[in-house]
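One structure below.
Numbers here simply count residues along the sequence, with the first being 1. Source: prediction; values computed, not measured. Read the numbers this way: they start at 1 and go in the same order the structure lists the ligands and their atoms.
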Amino acid sequence: KPLRYYASDQVHSCHRKAMEALGLGNRALRRVPTDAGLRIDIAALKAAIAEDRKAGFRPACIIGTAGTVNTGAIDDLQALATVAAEEDLWFHVDGCIGALIAIAPENRSLVAGIEQAHSIALD
Ligand SMILES: Cc1ncc(COP(=O)(O)O)c(C=O)c1O
């Protein structure tokens with residue numbers, strides 16, 4: 001079954017390159033719509049995963065973004081960790097912009113859930 005990866009439509013372009021470098025192709029990375037705050041729409045993510053399973057794909061990984069390039073939006077990482085656990089998927093966080101906020105006592109709650117990631121990228 002062809003693998004599927006999920007991220008918001010704000011995801012950094014390096015993930016496209018990664019999909020292509022892996023030989024999976026850009027279309028294996030499904031861009032999920034975002035809400036008014038430009039955070040990944042959790043209901044739309046769940047629907048996409050269900051749709052893909054039905055269509056014979058094999059969902060493999062959710063990529064959450066902690067700080068998008070365009071607006072600095074941070075996905076609901078706790079919700080993404082829950083979906084990943086429920087669906088038995090790898091949970092990766094692109095924290096290139098925002099991961100280090102986890103060490104800021106007053107604002108670490110913005111990236112709550114990042115500790116549940118199976119992998120994290122940061123600059
Ligand atoms: C949010 C985000 N993710 C990932 C990357 C990494 O991109 P690359 O490895 O292509 O430099 C960057 C670089 O600016 C970024 O801002």
Run the numbers on Glu87 and Lys46 for salt bridge (charged side-chain N to carboxylate O under 4.0 Å, His left out), then give the verdict.
CA-CA 9 Å; Glu87 298 282 349; Lys46 288 184 183 173; over 6 Å; no
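The residue from Leu24, Leu29, Asp52 that alone fulfils the side-chain contact (heavy atoms from CB on, under 4.5 Å) condition with Leu3 is Leu24. Tested against Gln10 for a side-chain hydrogen bond (donor to acceptor under 3.5 Å, both in side chains), the candidates Thr65, Thr68, Asn70 yield a single pass: Asn70.
Cluster annotation: Val11 and Ile74 are assigned to distinct hydrophobic clusters (Ile/Leu/Val/Met/Phe/Trp/Tyr, side-chain heavy-atom contacts under 4.5 Å, transitive).
Taking Ile, Leu, Val, Met, Phe, Trp and Tyr as hydrophobic and joining them when side-chain heavy atoms fall under 4.5 Å apart, one finds Leu38 isolated, its cluster having no other members.
The 4.0 Å heavy-atom shell around ligand 1 contains residues His12, Cys14, Gly67, Val69, Asp94, Cys96, Ile97, ordered by chain and number.
A donor-acceptor pair shorter than 3.5 Å can be found between the side chains of Asp9 and Thr34.
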